[in-house]
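This chain uses plain numbering: 1 for the first residue, then up along the sequence.
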Amino acid sequence: MSLYRNTIWLLKGLQEYTKGGYEAAARRFNEADLEVNVSGRSFIITGANSGIGKATACEIAKRGGTVHLVCRNEDRAKEAKNDIVEQSKNENVHVHLVDMSNPKKVWEFASGFSQNHNLHVLINNAGCMVNQRELTEDGLEKNFATNTLGTYILTTALIPTLKKSENPRVITVSSGGMLVQKLNIEDLQFEKGSFDGTMAYAQNKRQQVIMTEQWAAQHKEIHFSSMHPGWADTPAVRSSMPDFYEKMKNKLRTEAQGADTVVWLAISDVASRQPSGLFFQDRKAVSMHLPLAFSRSSSAEDQQLMSKLEELTVKFKC
């Protein structure tokens, strides 16, 4: 079945996830959707010093939003901020240094931010693909710590702040790679069998989509969505997937094309009128499963994921 999933996914990707796939989809886009002034609205974007996160931040800043860049590396974050301010002519761009793989630091950031700022939109973009099994200082597998637990803690910690705002939204940048994975609730940190960083990442991305669905059901006041940016030419792709990059580099989307649906979900009125909890690709809600791939988990398994994440979260809460 994994061979079937991978084959169907690759064929789908070559048709839809490339630059050509974006250009085909863009023919139906309504340019007016993004002709929005978001002055007075506050946005957090994680992993915002490069790639899709930076491109998203720049587009929001150009439209007047107050942008909070959550980054791990101070030098790269400051450089990104300067670039965004220069391009957007918007000085309301702020840097926060947070390692998303460190749950205590994520908690500390969320608590401090909530006391000092309002928040309208959270964009969970930060991610990593570590190709060897590596543990953080807290003993957590690094992909899981960053992609899943970090996203869970930041989102749940900021939900009370989001609920105080008008038209609050949470967008999580997932991946089409999650289509080849079924939730494995028994091995969240990849302790069994041989380790495959690409599949660990895909499993994390499946977890993010399930988290989004669960949050949407629990918090009706907030609009939740997850999305796939397609295959984009970003520093993360070049460093984490060099073989894939070499084979596909002439077909990859630009960073701006990869960020388009994130920006659309974050600022457009039409996006906020979509049902909460859906998975988007090129401004359109799409299936979370490949046909006949048997990748659906049960409601009990989905709720078990949330319970396990909450148990871990409590251990690190400030």
What is the minimum heavy-atom distance between [X] and [Y], and which atoms define it?
X: S272; Y: D269; result: OG-O, 2.8 Å
X: A61; Y: V93; result: CB-CG2, 4.4 Å
X: A48; Y: L69; result: CB-CD2, 3.7 Å
X: P103; Y: I153; result: CB-CD1, 3.4 Å
X: T155; Y: T151; result: OG1-O, 2.8 Å
X: S295; Y: H289; result: OG-ND1, 2.7 Å

Test R283 against every option in T261, N30, D260 by the side chain to side chain donor-acceptor pair (under 3.5 Å) rule and name the one that passes.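 Looking at T261, N30, D260, the match for R283 under the side chain to side chain donor-acceptor pair (under 3.5 Å) is D260.
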Would the distance check show the side chain of [X] and the main-chain N or O of [Y] forming a donor-acceptor pair, the cut-off being under 3.5 Å?
X: S174; Y: K205; result: yes
X: S268; Y: L34; result: no
X: N143; Y: V130; result: yes
X: R206; Y: A202; result: no
X: T234; Y: G51; result: no
X: R238; Y: Y245; result: no
X: R169; Y: S225; result: no
X: N147; Y: C128; result: yes
X: K308; Y: I185; result: yes

Only one of V121, N125, T56, I45 forms a side chain to side chain contact (heavy atoms under 4.5 Å, CB included) with I171, so which one is it?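 The residue from V121, N125, T56, I45 that satisfies side chain to side chain contact (heavy atoms under 4.5 Å, CB included) with I171 turns out to be V121.
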Result of checking Q203, Q207, R5 against Q181 for side chain to side chain contact (heavy atoms under 4.5 Å, CB included):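 Per the side chain to side chain contact (heavy atoms under 4.5 Å, CB included) rule, the option paired with Q181 is Q203, out of Q203, Q207, R5.
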So if I apply the ring-ring contact (aromatic ring centres under 6.0 Å, His included) rule between F109 and each of H117, H68, H96, which one comes out positive?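 For F109, the ring-ring contact (aromatic ring centres under 6.0 Å, His included) check succeeds only for H96.
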Are Y4 and L290 side-chain neighbours, meaning at least one heavy-atom pair lies under 4.5 Å?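 Heavy-atom side-chain distance check fails, nothing below 4.5 Å.
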Do R296 and M288 have side chains that get closer than 4.5 Å, going by heavy atoms?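 Side-chain contact under 4.5 Å: no.
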Are L140 and V98 in one and the same hydrophobic cluster, where Ile, Leu, Val, Met, Phe, Trp and Tyr link if side-chain heavy atoms are under 4.5 Å apart?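 Yes; tracing contacts between hydrophobic side chains, which count when under 4.5 Å, links both residues.
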side-chain hydrogen bond (donor to acceptor under 3.5 Å, both in side chains) assessment of S111 paired with Q115: CA-CA 7 Å; S111 299; Q115 291 170 16; 5.9 Å; no
Polar side chain donor-acceptor pair, Q303 to S299, under 3.5 angstrom: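 The criterion, which ignores hydrogens and geometry beyond distance, is satisfied for S299 and Q303.
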Answer yes or no: does atom CD of E31 have more than 12 heavy-atom neighbours from other residues, nucleotides or ligands under 6.0 Å?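 Open: at most 12 neighbouring heavy atoms sit under 6.0 Å from CD of E31.
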From CA spacing to verdict: ring pair (Phe, Tyr, Trp, His ring centres under 6.0 Å), F244, W231: CA-CA 10 Å; F244 173 81; W231 295 340; 5.2 Å; yes
